Protein chains: 2
Amino acid sequence: MLKNFREIAVETPVDKIIGQIRGLISSGQLNPGDRLPSERKLAEKLGVGRTHVRDAIAKLEFYGILKTLPQSGTIVEGIGITALEGLITDVLKLEESEFVDLVETRTLLETQAARMAAQRRTTEDIINMKNALDAYEAKVRNGLPAVEEDLLFHLTIAEAGRNTVLKSLMLIITPDIVKNFTKLDVCKDGRFYRSLEEHKVILEYIVNQKPELAANAMEEHLQDVTDYSKTLKENRD
Amino acid sequence: MLKNFREIAVETPVDKIIGQIRGLISSGQLNPGDRLPSERKLAEKLGVGRTHVRDAIAKLEFYGILKTLPQSGTIVEGIGITALEGLITDVLKLEESEFVDLVETRTLLETQAARMAAQRRTTEDIINMKNALDAYEAKVRNGLPAVEEDLLFHLTIAEAGRNTVLKSLMLIITPDIVKNFTKLDVCKDGRFYRSLEEHKVILEYIVNQKPELAANAMEEHLQDVTDYSKTLKENRD
DNA sequence: AATAAAAAATTGGTTGACCAAATGTTTTAT
DNA sequence: ATAAAACATTTGGTCAACCAATTTTTTATT
């Protein structure tokens with residue numbers, strides 16, 4: 001019964017403003033290079049405070065859609081094509097993403113990270129990964145939950161992969177993973193122990209510079225979670 | 001000679017505040033669940049306006065490090081481990097990433113997107129991809145630059161892949177790709193024409209639901225750019 | 001008429017004051 | 001002694017006024 005309820009959409013002023021700007025861009029009334037009306041004019045026209053307009057611009061600037069020039073104006077600089085419609089909307093709510101999508105993407109990133117780590121890891125990287133693994137083991141042996149230590153180990157692998165963009169993307173989705181892990185209680189008894197062993201295997205392959213073996217081990221390691229997320233989805237449908 | 005100059009770091013108040021909060025979290029003085037001092041107290045202590053404090057909190061909230069509860073306070077909710085240090089820093093300047101990292105990650109995401117698109121594309125997706133390809137072709141045939149149309153075609157593929165997270169990540173890195181493309185003038189004569197043919201092949205495989213062939217075609221398609229980015233790196237070193 | 005200098009208007013950046021919701025404290029009733 | 005209600009305080013959210021840099025317009029000069 002509960003699953004028939006949908007979360008009530010609370011459209012904040014900022015969301016509405018973003019929607020309007022998006023509309024102008026996607027309908028072609030605003031093209032790349034064009035200058036946005038001044039914050040004051042926008043605020044007056046939209047009937048809201050300038051703060052809200054500023055917040056909306058700041059968010060869109062973060063995504064590279066807009067660019068603000070101090071004391072001069074705000075211009076459209078993103079890919080400004082009609083079809084942008086619908087795309088911006090989604091990126092603004094990554095947190096609501098399906099768990100299964102999250103896990104799928106994570107697996108992709110992590111598998112590649114493990115592969116690259118095996119190719120590029122330095123001695124220092126090995127130390128970092130070892131330390132993270134030790135911290136994880138310590139918690140597990142005391143019977144404590146170790147979700148964070150788990151992810152931290154994975155992040156050090158990304159670090160060793162020596163690709164800042166890939167690492168950044170992992171950092172972006174990590175909080176969502178943690179949220180879902182704790183909420184859905186993915187971590188049942190025994191999972192941590194088996195996880196620990198799998199971690200050790202992965203690290204072994206990375207240290208010995210076996211890219212494909214490391215990648216495979218990582219993929220298998222994450223397979224459990226994948227399966228679980230799919231089960232969740234089926235039960236809900 | 002010019003390459004010996006380094007960009008001068010202009011640390012804005014917001015950056016400094018983020019740095020301090022990061023320091024508190026990584027040094028363990030602030031743990032997940034803890035409440036941050038009120039914005040007023042922080043502003044006074046740091047000797048800056050409350051607006052700057054709010055901006056800093058907003059940014060950290062975006063990354064999932066903090067969570068603001070209206071009229072109540074701001075709490076730490078991210079993975080709050082000591083080793084977080086150094087990681088947050090990087091994610092805050094994705095735009096400065098090495099072009100080669102960007103291309104490498106893009107290839108990873110796009111290859112997977114093509115694979116998934118071939119498995120999951122609907123009839124509507126096919127129409128969208130076809131439209132995007134037509135728009136690209138129209139520009140190319142008129143001898144016009146078509147960087148945006150190019151990327152838009154790729155985004156429709158991601159759309160067809162039916163993974164919102166992966167699509168979001170592509171959207172996040174897309175502006176940086178555009179920036180580097182135009183800056184580095186990757187698109188030389190003839191590239192667009194060959195690119196067009198490759199696009200057609202990829203679309204063909206997706207329409208006919210050949211995941212691995214689509215993935216391979218995409219990888220090859222992006223190989224040119226990869227090679228070019230590596231050349232750039234070597235020349236600079 | 002062309003150019004340069006100066007003044008006015010406009011811009012985003014910043015601040016402090018005010019608002020309503022949430023929280024903590026005291027008072028009051030049982 | 002306990003619980004509930006009333007009050008006061010603190011919180012983040014919002015707004016309007018002010019600031020300095022920029023852009024535009026006007027004016028003065030050649």
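Only a predicted model underlies this, so the values are computations on that prediction, with no experimental measurement involved. Heavy atoms only: backbone and side chains are in, while hydrogens, waters and symmetry mates are out. Below, read A as the first sequence line, B as the second, and so on, with proteins coming before strands; counting in each chain starts at 1.
- Distance, D55(A) CG to dT14(C) P: 14 Å, rounded to whole Å.
- For dT11(D), one of the phosphate oxygens OP1 or OP2 lies less than 4.0 angstrom from a side-chain nitrogen or oxygen of K41(B).
- Under the rule for a side-chain hydrogen bond (donor to acceptor under 3.5 Å, both in side chains), the partners of Q112(B) that lie at least two apart in sequence or sit in another chain are R115(B).
- Per the geometry, CG belonging to L42(A) stands 13 Å off C1' belonging to dT11(C), to the nearest Å.
- For D134(B), the side-chain hydrogen bond (donor to acceptor under 3.5 Å, both in side chains) partners are K130(B), not counting sequence neighbours.
- Scanning for side-chain hydrogen bond (donor to acceptor under 3.5 Å, both in side chains) contacts around R141(B) gives E137(B), with sequence neighbours left out.
- In this model, the phosphate group of dG12(D) is not approached by any side-chain N or O of T68(B) to a distance below 4.0 Å at OP1 or OP2.
- Each of T51(A) and L69(A) has a nearest nucleotide on DNA chain C; the 5'-most of these lies closest to L69(A).
- Straight-line distance from the CD1 atom of I75(B) to the C1' atom of dT11(D): 14 Å, rounded to whole Å.
- Within the structure, ring pair (Phe, Tyr, Trp, His ring centres under 6.0 Å) contacts touching residues 148-171 of chain B (residues at least two apart or in different chains) are F153(B)-H199(B), H154(B)-H199(B), H154(B)-H221(B).
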Name the atoms and distances for all side-chain donor-acceptor pairs under 3.5 Å in residues 37-51 of chain A, with sequence neighbours left out.
unit_1 : atom_1 : unit_2 : atom_2 : d
S38(A) : OG     : K41(A) : N      : 3.3
E39(A) : OE1    : R50(A) : NH1    : 2.7
E39(A) : OE1    : R54(A) : NE     : 3.1

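- As rounded to whole Å, 12 Å separates atom P of dT11(C) from atom CD1 of I57(A).
- Note: CG (L46(A)) to P (dC15(D)) measures 12 Å, nearest angstrom.
- Between H52(A) and dC15(D), a side-chain N or O to OP1/OP2 separation shorter than 4.0 Å is present.
- With contacts defined as side-chain heavy-atom distances shorter than 4.5 Å, the pair L166(A)/D101(B) does not qualify.
- Atom CD of E44(A) and atom P of dA17(D) are 13 Å apart (whole Å).
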Nucleotide-resolved protein contact map, nucleotides 18-26 of chain D, B/S/- at heavy-atom distance under 4.0 Å: B-BBSS---
